[in-house]
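Just so it is clear: chains get the letters A, B, ... in the order the sequence lines come, proteins before strands, and each one is counted from 1. The model shown is predicted, which means the values in this text are computed figures rather than measured ones.
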Number of protein chains: 2
Amino acid sequence: MEKNVTALEPSAEAVPGDKDSASKQIPPAAVARMTLYLRALNSLLAEGVERVSSDALAEASGVSSSTLRKDLSYVGSYGTRGVGYEVQYLSRHIAAALGLTHDWKVAIVGAGNLGKALARYGGFESRGFDVVAILDADPMVIGNEVGWLRVSDAANLELVLQRTGTNMVVLALPAAVAQDVCDRVINAGIRSILSFAPVLLQVPPHVNLRKVDMATELQILAYHAQRAQTPGQAL
Amino acid sequence: MEKNVTALEPSAEAVPGDKDSASKQIPPAAVARMTLYLRALNSLLAEGVERVSSDALAEASGVSSSTLRKDLSYVGSYGTRGVGYEVQYLSRHIAAALGLTHDWKVAIVGAGNLGKALARYGGFESRGFDVVAILDADPMVIGNEVGWLRVSDAANLELVLQRTGTNMVVLALPAAVAQDVCDRVINAGIRSILSFAPVLLQVPPHVNLRKVDMATELQILAYHAQRAQTPGQAL
DNA sequence: CCGTGTGAAGAGGTTCACAGCG
DNA sequence: CGCTGTGAACCTCTTCACACGG
């Protein structure tokens, strides 16, 4: 799902001799899986496990061990042959490769049911993301408390983003206004956006947009369910 | 994004001579995009547009026109050469290919912030999904009104799923209990599950599981943002 | 003549199998 | 001897270019 609207500029890597550069390109599919490894590693860390083999980590992440080893090879050789990986060491290096060495400041635009749910969702802080603001345009909602925050007026969007030092924005608003707000967010200098609005958002190439749409996910499930239900209809 | 944990059994299509079958396999990536086409077509339909070219529809869906035409070729030839596609006709056929000819009954397990947000989200009904139940285990929450529904006791999970005729389940609950509930849902006969829990769920091969995780999405954004910020550090 | 539909080429991702190191 | 790291084969998806039909 998803995982699709990744803006890659092929022309950006025109320099041929950056083979030795520490930051090679990591395939998008591998980046997505890295988050799974990180999650599994942090679970192991919480359990006090110190070392793990590629087989074990792969199973805990739900991928094949060859995929895991290939993915890890993109960021470097952090294992010990014949032994495995040191959990904390590997966790640190994957986090670094993903850019999670410092916290990211996230603002949520839209304080409807979904926006509030996201703002109160505890899973962000523990993974390097600080929700620093939540905004809405509805006067009935502005000023309400949501978790530790108070809903700001979306009219002051640019000001709030600047004051809070926001560098990522989550759009949790109706389709009709999503593109307008998205444009303002981009004009305010934000280049990473996660949208829950069920519309196609137009963004310039330097902006990174990811989309999550529950209706889309259900439709994909419906396709597979329908296939399973009518296997021999054509025969 | 996502869009990844699709259970495909390669052994299931051992029959070689089903070339003429009306329901050929559609590539997973194409299925995901079909939902975009459907959304764009329904927008056009609402605007009263009757015909559309592959170029126009592709732009409205955010894909290339060659991708669009290739995708449509998986479900059949519904266009007119030199003219384009009839909007309603194509919309119907894509919906049929995705199994959206009848409504699907969805139950939401977990009536926390996210579960409530999903239950009240209007985007489901309009796209062929009926939310028929919402459940929780917390006595403080059971019986509360959420949209048109009342929160059922998760202790009666199996009974509620059966009575409502549910055929899809959305898991909106904490990681700690997700696997337990997931197992019960599967035992109750559900084979399509959409999980928002940030854990790896173990499911048998005949069950279709899709996952959505906001933290994962933000981490992927972080990776790209970090790359953009430190372009020449290695040079 | 125009836009669809499609084989063929190309790119990207996954799996395999084993070399290499501890 | 065991497990990691990786080139190579394999497979899927995307893009290209043009034949085909209205």
- [ ] Under the side-chain contact (heavy atoms from CB on, under 4.5 Å) rule, what do B:Arg191 and B:Met168 come out as? Steps first, then yes or no, please.
- [x] CA-CA 7 Å; B:Arg191 295 194 294 184; B:Met168 284 189 180; over 6 Å; no

Nearest whole angstrom, please: distance from the [atom2] of [N] to the [atom1] of [X].
{"X": "A:Arg51", "N": "D:dT4", "atom1": "CZ", "atom2": "P", "result": "12 Å"}
{"X": "A:Tyr89", "N": "D:dT4", "atom1": "OH", "atom2": "C1'", "result": "14 Å"}
{"X": "A:Asp55", "N": "C:dC16", "atom1": "CG", "atom2": "P", "result": "13 Å"}
{"X": "B:Leu68", "N": "C:dT4", "atom1": "CG", "atom2": "P", "result": "8 Å"}

Task: Sugar-phosphate or base contact per nucleotide [nucleotides 5-14 of chain D; S, B, -; heavy atom under 4.0 Å] - done: BBBB----SB

- [ ] Determine whether more than 12 heavy atoms belonging to other residues, nucleotides or ligands lie under 6.0 Å from atom CZ of A:Arg184.
- [x]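 Count over threshold, so yes.
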
TODO: Report yes or no: do B:Ser192 and B:Asn167 form a side-chain donor-acceptor pair below 3.5 Å?
DONE: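 There is no such pair between these side chains.
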
Open item on the list: One thing to verify: whether B:Arg33 and B:Asp71 come together as a salt bridge, which I'm taking to mean a side-chain N less than 4.0 angstrom from a carboxylate O.
Closed with: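 Yes, B:Asp71 and B:Arg33 are salt-bridged.
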
- [ ] Answer yes when B:Arg69 and B:Asp55 have at least one side-chain N-carboxylate O distance shorter than 4.0 Å, and no when they do not.
- [x]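 A salt bridge is absent here (no side-chain N lies under 4.0 Å from a carboxylate O).
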
Task: Parallel, tilted or perpendicular: ring planes of A:Tyr78 versus A:Tyr89, cut at 30 and 60 degrees - done: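 Rings of A:Tyr78 and A:Tyr89: perpendicular, as their planes differ by over 60°.
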
